Amino acid sequence: MRESNQEGYRTLGWIINKSEQGLYLVVAGEKIQQEIVGFYRRGAVEIFDYKNTPGTYSFHDLQEWVSRFPETQVFMVVNFHLAIQDEESLKRLNFSRDMIEGMGKNFIFLVTPYGDDRLATGAYDFYSFIKMRISFHNYEMEHEKGLDLLSVYEGEMDESEWESEEIKRKRAQADALMEQAQVEYDRAHYAESGKLFLEARKIKGRLFGTDHLEMSEIYNGLALVYEGQGRYKEAEDLYEKALSINENVLEEKHPNIATSYNNLAGVYEEQGRYREAEELYGKGLENK
């Protein structure tokens with residue numbers, strides 16, 4: 001049974017927030033790796049991408065990079081499969097496993113399934129030090145090669161056999177709806193903005209499930225609309241959903257969490273719940 005990508009994000013959030021040190025492995029296609037990087041780039045995680053800095057694995061290079069960020073605890077090494085293409089790089093990785101562990105940091109190595117196979121067969125010493133292996137599944141699968149399409153959320157879909165191009169089209173459609181919804185909101189056209197956000201929520205909910213990180217932005221946008229209409233209770237419920245997703249998925253000091261605190265505090269203030277608002281504004285400041 002496949003684990004959902006949302007569960008993978010929750011696991012990453014736990015590693016970033018709770019784990020003191022260790023080596024972790026994320027198995028994901030390159031597009032999903034970039035999605036992961038996009039979610040965590042603004043947080044307290046330093047990211048090294050072998051696609052941007054080509055070269056084979058070297059402990060010296062890794063150590064030098066880590067030394068630039070003495071206050072950072074979590075490091076993501078993205079597209080690591082590109083650094084372990086030959087036997088010599090795998091041997092160096094095996095030899096340095098104790099030294100990596102000895103740096104006392106959290107290292108999250110992101111590789112494709114092919115890279116995972118290379119590590120498992122050619123770098124067993126390193127692989128044995130991995131505390132946890134997390135699999136992310138592609139939204140786009142190669143239908144012509146006989147692979148099953150991703151089951152995109154728990155429950156049945158009316159279009160359970162969408163091909164990859166159709167999934168991409170649906171996602172782009174939802175993004176366009178959200179952009180137009182924001183334009184209408186800025187013009188104070190709240191009713192039209194709300195309709196557009198609801199349509200985007202319907203599409204992305206079917207693609208990713210209601211608790212996916214991509215839904216957080218939609219919940220926030222729709223809540224702003226409701227707040228503008230004076231529908232404070234409905235806005236509050238949506239802000240709480242967005243906050244819950246962000247807290248489950250993102251690292252503790254991620255700016256999106258502070259934004260969620262401030263949004264929720266604002267709607268409390270509109271309702272005259274000043275004490276609760278003050279507490280959340282304080283949390284927002286602490287989280288920055």
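Because the structure is predicted, anything quoted here is derived from the model rather than measured.
- Glu278 and Tyr268 are not linked by any side-chain donor-acceptor pair at a separation below 3.5 angstrom, with hydrogens and angles left out of the test.
- Taking 4.0 Å as the cut-off between side-chain N and carboxylate O, Glu192 and Arg187 do not count as a salt-bridged pair.
- What you find for Tyr24 and Ser19 is that their closest heavy atoms are OH-OG, 2.6 Å.
- Within the model, atoms CD of Glu88 and OG of Ser58 stand 12.5 Å from one another, a figure rounded to the nearest 0.5 Å.
- The neighbour count for Glu46 CD, taken as heavy atoms of other residues, nucleotides or ligands under 6.0 Å away, is above 12.
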Original post:
Going through the checks in order, is the side-chain contact (heavy atoms from CB on, under 4.5 Å) test met by Gln271 and Glu236?
Top reply: CA-CA 10 Å; Gln271 297 174 81; Glu236 179 185 337; 3.3 Å; yes
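- Under the 4.5 Å side-chain heavy-atom criterion for ILVMFWY residues, a single connected hydrophobic cluster contains both Ile130 and Leu90.
- Annotation: side chain of Lys131 is not in contact with side chain of Leu23 (no heavy-atom distance under 4.5 Å).
- If you take NE2 on His81 and OH on Tyr114, they are separated by 10.0 Å, rounding to the nearest 0.5 Å.
- Side-chain N/O atoms of Tyr57 and Ser96 include a donor and acceptor closer than 3.5 Å.
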**OP:** With salt bridge (charged side-chain N to carboxylate O under 4.0 Å, His left out) as the test, would you mind laying out the steps for Glu217 and Lys241 before giving the verdict?
**Re:** CA-CA 10 Å; Glu217 184 179 357; Lys241 282 186 178 181; over 6 Å; no
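- In terms of heavy-atom proximity, Ala258 sits nearest to Gly284 at CB-O, 3.6 Å.
- Contact check for Asn79 versus Gln33: side-chain heavy atoms found under the 4.5 Å cut-off.
- At least one side-chain heavy atom of Ile16 sits less than 4.5 Å from a side-chain heavy atom of Tyr40.
- How far CD1 of Ile84 is from CG of Asp116: 9.0 Å, rounded to the nearest 0.5 Å.
- Applying the side-chain contact (heavy atoms from CB on, under 4.5 Å) test to Arg275 and every residue at least two apart in sequence or in another chain returns Glu279.
- Hydrophobic clustering (side-chain heavy atoms under 4.5 Å, transitive across Ile, Leu, Val, Met, Phe, Trp, Tyr) keeps Val78 apart from Phe59.
- Here the straight-line distance linking atom NZ of Lys283 with atom CD1 of Ile257 works out to 11.0 Å at 0.5 Å rounding.
- The shortest non-hydrogen separation linking Gly8 to Ile134 is CA-CG2, 3.8 Å.
- In the model, Glu227 has no side-chain atom that pairs as donor or acceptor with a side-chain atom of Asn263 under 3.5 Å.
- Rounding to the nearest 0.5 Å gives a distance of 12.5 Å between NZ of Lys91 and CG of Asp125.
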Run the side-chain donor-acceptor check on residues 193-204: report pairs under 3.5 Å with partners two or more places apart or on a different chain.
from, atom 1, to, atom 2, distance (Å)
Ser193, OG, Ala181, O, 2.8
Lys204, NZ, Asp175, OD1, 2.7
Lys204, NZ, Glu214, OE1, 2.7

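- Ser244 places no side-chain N or O within 3.5 Å of a backbone atom of Glu240 that could act as its donor or acceptor partner.
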**OP:** For the pair Val267 and Glu276, evaluate side-chain contact (heavy atoms from CB on, under 4.5 Å) and give the outcome as yes or no after the intermediate values.
**Re:** CA-CA 10 Å; Val267 80; Glu276 293 169 276; over 6 Å; no
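- In summary, the aromatic rings of Tyr9 and Phe136 are positioned with their centroids under 6.0 Å apart.
- The side-chain heavy atoms of Val111 and Val26, taken from C-beta on, include no pair separated by under 4.5 Å.
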**OP:** Starting from the C-alpha separation in whole Å, work towards a yes-or-no answer on side-chain contact (heavy atoms from CB on, under 4.5 Å) for Leu62 and Met103.
**Re:** CA-CA 10 Å; Leu62 180 67; Met103 283 194 278; 4.1 Å; yes
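- Within the 4.5 Å cutoff, no side-chain heavy atoms of Glu247 are placed close to those of Ser260.
- Taking the centre and axis of the six-membered ring of Phe75, the NZ or CZ atom of Lys105 falls outside the cone set by 45° and 6.0 Å.
- Residues Thr56 and Asp86 are in side-chain contact: their nearest non-hydrogen atoms beyond the backbone lie under 4.5 Å apart.
- Hydrophobic clustering, with ILVMFWY side chains joined whenever heavy atoms are under 4.5 angstrom apart, keeps Leu25 apart from Met132.
- Aromatic ring centres of Tyr190 and Tyr185: separated by under 6.0 Å.
- Note on Ile108 and Ile32: same hydrophobic cluster, where clusters join Ile, Leu, Val, Met, Phe, Trp and Tyr whose side-chain heavy atoms are under 4.5 Å apart, directly or indirectly.
- Looking at every heavy atom in both residues, Gly22 comes nearest to Asn106 through N-OD1, 3.0 Å.
- Proximity of Leu93 to Arg97: side-chain heavy atoms (C-beta onward) are nowhere separated by under 4.5 Å.
- Checked against the 6.0 Å centroid threshold, Phe126 and Tyr124 do not count as a close aromatic pair.
- In summary, the side chains of Thr121 and Tyr127 do not present any donor paired with an acceptor at a separation below 3.5 Å, with no hydrogens or angles considered.
- Residues Ile245 and Tyr219 are in side-chain contact: their nearest non-hydrogen atoms beyond the backbone lie under 4.5 Å apart.
- In terms of heavy atoms, Ala223 sits closest to Ala235 at O-CB, 3.4 Å.
- Residues satisfying the ring pair (Phe, Tyr, Trp, His ring centres under 6.0 Å) criterion with Tyr239, sequence neighbours excluded, are absent altogether.
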Original post:
Please walk me through it: do Asp98 and Phe129 pass side-chain contact (heavy atoms from CB on, under 4.5 Å)?
Top reply: CA-CA 9 Å; Asp98 294 300; Phe129 264 35; 3.4 Å; yes
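- Going from atom CD of Glu101 over to atom CZ of Phe107 covers 9.5 Å, rounded to the nearest 0.5 Å.
- In this structure, a donor-acceptor pair under 3.5 Å is absent between the side chains of Gln34 and Glu30.
- Residues Phe39 and Val27 do not share a hydrophobic cluster, clusters being chains of Ile/Leu/Val/Met/Phe/Trp/Tyr side chains in contact below 4.5 Å.
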